[in-house]
Amino acid sequence: MTGEGSAPGAPAAGTPEAGGFAVDARDGRVGRVVDRSGPNVRLRPPGGGPEWECPSEAVRPASRGVVLRARVAEANRESQLPR
């Protein structure tokens with residue numbers, strides 16, 4: 001979803017930057033933005049797992065509640081890792 005005046009490869013308006021949380025509107029999965037490649041955004045699940053690609057137009061910013069749950073999932077995952 002590129003509007004007039006947008007630079008090629010620029011993120012769609014409202015798409016979180018790398019490191020932010022987003023929702024894949026196609027299926028509701030939540031992920032942390034890892035990278036952008038062409039028209040796609042690469043997301044990683046908050047508790048770990050395989051990354052997936054999502055078209056930029058299907059990515060929306062995560063709400064505060066969703067971000068909080070995702071951060072708790074990451075903290076829980078990290079607390080279970082061996083030290």
Worksheet item: Looking only at heavy atoms, which two atoms of Arg44 and Val34 are closest? And how far apart?
Response: CB-CG2, 3.6 Å
Fill in: Atom pair CD/CD of Gln80 and Glu78 - distance to nearest 0.5 Å
11.0 Å
Discussion item. To check you understand the geometry: which heavy-atom pair defines the closest contact between Glu53 and Ser37, and what is its length?
Written reply: OE2-OG, 4.2 Å
Worksheet item: What about Val67 and Val23, same hydrophobic cluster or not, with Ile/Leu/Val/Met/Phe/Trp/Tyr joined at side-chain heavy-atom distances under 4.5 Å?
Response: yes
Fill in: N/O donor-acceptor pair under 3.5 Å between Arg32 side chain and Gly20 backbone
no
Worksheet entry | Beyond-backbone contact of Val72 with Pro46, side-chain heavy atoms, under 4.5 angstrom | no
Item to complete: Kindly give the heavy-atom pair with the smallest separation between Ala18 and Arg36, and that separation in Å.
Response: N-NH1, 4.1 Å
Worksheet item: Which atom pair, heavy atoms only, marks the closest approach of Val30 to Phe21?
Response: CG1-CD2, 4.4 Å
Worksheet entry | Distance in Å, Asp24 CG paired with Cys54 SG, rounded so as to fall on 0.5 Å steps | 3.5 Å
Worksheet item: Looking only at heavy atoms, what is the nearest atom pair of Pro50 and Pro45, with distance?
Response: O-CD, 3.3 Å
Worksheet item: Can you check whether Arg26 reaches Pro55 side chain to side chain, under 4.5 Å on heavy atoms?
Response: yes
